[in-house]
Amino acid sequence: MPLAAYKTTQNNGADMAPLLFADLPDQRRVSHLPVTNGRRRRRYTPDQDAPLPSEAISTPQGGSGKSRDRFDEGTDPGTFPILHSRQHQHQPDHGGRMMNNSDASGMLQAVCSTFPLPAMQMQAEQAAQHLVGKAEQGSFFELIETPEAKSAAAEDDAVATLIPTPENISPPEPPQAHGTRFFAPDISSLPETFGQALAAIAPRYNNATKQFAGLKSDAQCAAKCLLTSHNKAEPDDLPCAPVKLRPLLEAFYPARIRMSEKRWANIRSSLANILREVGWMKERQRHQLMPEWDTALEPLQVKAHKGAMTRFAGYCSARNILPQKVNEETIDSFLEYIEEYSLTTNLSGFRSCTRQAWNRLCALGPAGQFTPLEKRAGYNRVGVTRDELPAAFVSDVETYLARCANPGPLDFKFGNGLARETLRKREGNIYIAARYLIDRGWQRDEIDSLSKIMKTDLIILMMEEHFKRHSPDGKAWPPSAAPMASHLFTIAKQLGNVTDKDLSLINDVTKRLRRRRNVFPEKTRERLAAFDDIKVLKSLFALPKIWWKRAQKFLREGQLARAFTWAKRAIALDILLTKPLRISELASIDFAQDLRRDRKHRIIGLCVPGHKTKTGLPIEAELRKDTVDMIQTYLSEHSKIFAQRTETFLFPGKEQGHVAPHSFGATLKTSILNDLGVVVNPHLVRALIATIIFDEDADGDTVAQHMLGHLDITTTRSHYGMQRGRAAQRQYSAIISQVLKRGGK
DNA sequence: CTCCAAATACATTCACACTC
DNA sequence: GAGTGTGAATGTATTTGGAG
């Protein structure tokens with residue numbers, strides 16, 4: 001019922017959206033421009049680059065016009081028995097089609113774009129010229145692989161195509177790929193599914209060796225694990241192409257089906273082996289590097305640092321890219337290659353590591369030898385940056401924010417001073433608002449004072465822009481609209497830009513933006529549903545002990561840092577499950593001050609003072625003996641770490657202070673996900689505990705309120721505890737059976 | 001190479017004081 | 001006691017760089 005109400009409200013907002021802005025002057029309305037600003041934009045942008053649901057992202061098309069590199073570092077012929085021992089690979093996109101002159105020049109473009117790097121581009125141009133020349137002579141059909149030719153090729157492995165590779169261009173003499181051959185599998189001839197792949201390699205195993213049986217059963221298992229939507233998924237349903245397979249791999253957590261990490265690692269490895277055998281991936285082998293790369297890597301002494309560079313160096317060697325020529329484009333094309341021909345997950349992390357490793361290499365050599373890559377900070381900024389706007393505006397904003405932070409005692413319009421997070425949010429909104437105006441046709445120079453842009457009609461314009469960008473479906477307002485409008489209108493009111501007439505308009509607008517309150521968020525509801533399975537609940541409560549054991553194991557092995565990490569997590573989760581603190585409160589526990597002790601100085605509980613909590617209420621909790629033991633062992637086992645600190649935080653940060661709540665929360669979430677396969681962020685634990693209480697006792701409000709530390713019980717009722725009515729149902733059953741008994745038989 | 005933690009920029013939700 | 005206004009968190013995604 002509440003959900004329905006929420007939806008209705010959203011729809012109201014939707015119906016109103018166009019009307020709301022109908023009266024606005026439209027001289028500033030220009031068509032919406034995407035934020036480019038030289039950077040990628042992402043997330044919920046309803047128009048141009050609309051968000052893709054994760055399920056939809058999975059299939060970049062091979063021939064979709066996006067140029068991809070089809071080359072690999074070293075591969076020796078014979079590596080791909082199925083694929084062909086053909087000497088030269090070819091461009092699959094043009095296979096089997098007759099070509100005319102315009103096709104030939106189109107091909108020139110296509111070929112050029114397939115060779116994005118300068119050195120390669122020259123070769124590509126030469127190759128393409130060569131092709132066009134042939135085409136003009138009328139003999140171009142020789143160049144193309146027709147379907148018939150293709151099947152012939154399958155039979156006759158020795159068929160060489162004339163699609164250019166650096167090796168068959170002559171003259172002039174192209175630089176030779178260093179001791180390697182390019183890896184350029186013809187995607188169209190590769191098996192599409194693991195079913196096909198198994199069939200293809202079966203003859204080599206005489207269909208029945210143990211090894212083959214292992215591969216087959218692993219592929220079957222993988223299909224069942226990865227394709228949960230199918231009832232009976234078979235290897236035939238599992239795609240081979242890494243670009244299609246990767247999203248499936250990334251979405252799967254072995255813990256979710258109680259499978260061990262190790263078993264899953266073995267299955268993944270079998271999948272990779274199959275892909276290697278049929279030619280989707282190249283054999284794992286050390287390839288020869290160009291001498292220039294060998295020299296370049298020499299200064300890297302740390303094994304891991306070298307390791308981070310070898311794949312990249314191999315890739316560059318195979319394409320004749322000297323270390324001196326490495327730039328952003330090289331990294332991009334390398335990543336595209338990795339995406340297409342490897343099962344590496346977390347590509348963005350891989351990209352970061354490659355960039356970092358390269359920059360580390362640059363820093364080691366003589367200055368100027370290689371070019372380090374620039375930072376990509378601000379990659380996801382929506383708002384304008386300060387330096388894009390007039391200095392007068394920036395200083396105006398700073399003055400305003402300073403006043404918000406520290407208003408004078410009589411500055412009633414500005415209240416008591418805003419908290420840090422609020423200030424940050426407000427600043428962010430101001431710069432986003434400025435961005436929206438620029439997109440509506442304002443010149444940057446025009447934005448020279450805060451009060452100039454914080455006017456009712458302009459704010460409404462900004463909100464319209466916000467709607468355009470962030471509405472999930474073009475109809476409903478996004479949740480971010482209300483806080484944003486609130487900030488902007490508050491600024492306008494504070495700067496004295498608001499007339500009485502405006503005020504009623506503002507009230508009207510904000511009223512419509514506001515979503516239905518007191519609704520249990522759908523996401524939370526979904527995540528809590530996982531705990532309907534009592535096994536999941538039990539395993540969550542068992543997790544701290546498992547992590548603690550892990551920590552002890554690392555300790556025994558002498559891996560102190562890892563031991564510390566897992567001990568930290570074990571204790572944090574244990575405390576969280578005992579007393580559901582907010583993450584910032586948890587992260588900032590001070591073992592000298594916030595742990596209550598008895599006369600013998602033994603820890604007996606937790607006591608966080610009010611000034612540290614969101615509500616200002618102090619938090620008190622008893623700790624179980626297990627927890628206390630853990631904490632005491634933890635403090636003594638890692639006493640070296642604590643001895644180095646001046647502060648006494650239970651969870652110290654990297655350098656100083658306590659761990660950052662953001663990172664701590666994210667880490668806990670990821671760790672739980674890896675070990676249980678369930679999404680649990682620290683705040684969800686609060687909802688979980690309240691829900692458990694409500695499930696057991698329909699009148700559990702007060703208990704839940706105390707557990708969560710709410711001042712106001714309506715908060716407890718509205719935001720926590722799904723109140724699924726199970727307890728009430730049970731109590732009703734008991735009551736009704738009592739009543740019915742009363743009448744006798 | 002991989003994992004971890006921190007920084008940053010939004011995105012979303014929680015929460016209290018106040019009002020009627 | 002429910003609804004409102006606005007403040008103050010936490011959540012999520014992406015990057016960086018250090019450690020193992």
Side-chain angles (χ1 to χ4, degrees), chain A residues 40 42-44 302-312 344-346 348-357 359-360 375-383 385 404 415-429 431-432 470 478-487 489-490 507 510-511 514-521 523-524 554 559-562 564-565 568-569 582-585 613-617 651 653-655 657 659-667 669-671 674 679 681-684 686-687 708-720:
Chain A
R40 275 193 304 150
R42 45 177 199 96
R43 291 195 196 151
Y44 318 119
V302 184
K303 207 176 161 191
H305 292 175
K306 210 162 203 165
M309 270 282 97
T310 46
R311 212 162 167 190
F312 182 63
T344 304
T345 49
N346 185 10
S348 91
F350 184 80
R351 175 189 291 269
S352 303
C353 289
T354 309
R355 295 173 65 89
Q356 189 196 353
N359 283 348
R360 188 189 292 130
K375 264 197 177 185
R376 307 207 303 170
Y379 64 96
N380 59 358
R381 186 182 263 277
V382 173
T385 54
C404 286
N416 296 324
L418 298 180
R420 213 180 89 237
E421 289 302 316
T422 312
L423 284 169
R424 244 170 58 170
K425 175 83 180 158
R426 186 158 291 180
E427 183 183 20
N429 275 335
Y431 285 102
I432 290 172
H470 296 287
S480 51
M484 177 147 195
S486 163
H487 273 285
F489 284 132
T490 305
N507 287 338
T510 45
K511 204 177 246 171
R514 217 171 12 244
R515 54 179 278 187
R516 172 81 153 74
R517 301 167 67 92
N518 303 343
V519 167
F520 204 70
K523 212 195 279 177
T524 313
F554 280 128
Q559 301 204 40
L560 298 186
R562 284 187 179 165
F564 186 59
T565 300
K568 245 188 337 192
R569 290 177 194 168
R582 294 184 188 85
I583 189 65
S584 62
E585 296 155 2
T613 65
K614 183 181 185 183
T615 57
L617 275 186
F651 306 116
K654 228 176 190 174
E655 304 285 326
V659 282
H662 269 77
S663 340
F664 205 34
T667 314
K669 181 188 162 195
T670 320
S671 308
N674 285 334
V679 179
N681 56 52
H683 213 75
L684 190 80
R686 290 168 68 76
L708 299 179
H710 287 149
L711 283 176
D712 187 345
I713 198 156
T714 54
T715 306
T716 317
R717 290 193 192 123
S718 54
H719 295 305
Y720 297 93

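Hydrogens, waters and symmetry mates are skipped; everything else that's a heavy atom, side chains included, is used. Here is the naming used below: chain letters follow the sequence lines, and residue numbers restart at 1 for every chain.
Rounded to whole Å, atom C1' of B:dC4 lies 7 Å from atom CZ of A:Arg569. Here C:dT16 presents its P atom at 16 Å from NE2 of A:His305, a figure rounded to the nearest Å. Between A:Arg351 atom CZ and C:dT14 atom P there is a gap of 12 Å when expressed in whole angstrom units. A:Leu711 places its CG atom 14 Å from the P atom of C:dA8, with the value rounded to the nearest Å. The separation between A:His662 atom NE2 and B:dT12 atom C1' is 11 Å, rounded to whole Å. Whole-Å rounding puts the A:Phe664 CZ to B:dA5 P distance at 8 Å. Rounded to whole Å, the distance from CZ on A:Phe651 to P on B:dA5 is 12 Å. At whole-Å resolution of the value, NE2 in A:His487 and C1' in C:dG7 are 8 Å apart.
No engagement by A:Gly428 is indicated, since no non-hydrogen atom pair under 4.0 Å with the nucleic acid exists. When heavy atoms are screened at a 4.0 angstrom cut-off, A:Thr565 is found touching the sugar-phosphate backbone but no base atom. The residue A:Ala660 sits close only to the backbone: its heavy atoms come under 4.0 Å of sugar-phosphate atoms, none of a base.
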(message) Could you go through A:Lys669 and A:Val679, starting from their C-alpha distance and side-chain angles, then the distance that decides it, and tell me whether this counts as side-chain contact (heavy atoms from CB on, under 4.5 Å)?
(response) CA-CA 7 Å; A:Lys669 181 188 162 195; A:Val679 179; 3.8 Å; yes
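OP1 or OP2 of C:dA9 has not a single side-chain nitrogen or oxygen of A:Ser584 nearer than 4.0 Å. An OP1 or OP2 oxygen of C:dT10 is reached within less than 4.0 angstrom by no side-chain nitrogen or oxygen of A:Asn681.
With distances taken from any side-chain atom of A:Ala308 to the nucleotides B:dA9, B:dC4, B:dC1, the minimum falls on B:dC1. Of the candidates C:dG11, C:dT15, B:dA11, the closest approach to any side-chain atom of A:Lys425 belongs to B:dA11. Of the candidates C:dG7, C:dT15, B:dA11, C:dG7 carries the atom nearest the A:Thr490 side chain, counting heavy atoms from C-beta on.
In terms of position on DNA chain C, the residue among A:Asp712 and A:Arg360 whose nearest nucleotide sits closer to the 5' end is A:Asp712. For the pair A:Lys568 and A:Gly349, nearest-nucleotide mapping onto DNA chain B gives the more 5' position to A:Gly349.
Evaluation of atom-type donor-acceptor distances gives no pair under 3.5 Å for the side chain of A:Gln559 against the base of C:dG20.
Taking NE2 from A:His470 and CD1 from A:Ile432, the interatomic distance works out to 6.5 Å, rounded to the nearest 0.5 Å. With values rounded to the nearest 0.5 angstrom, A:Arg426 atom CZ is found 5.0 Å from A:Thr490 atom OG1. Expressed to the nearest 0.5 Å, how far OG1 of A:Thr716 lies from CZ of A:Arg686 amounts to 9.0 Å.
Taking 4.5 Å as the limit, every side-chain heavy atom of A:His683 sits out of range of all side-chain heavy atoms of A:Thr524.
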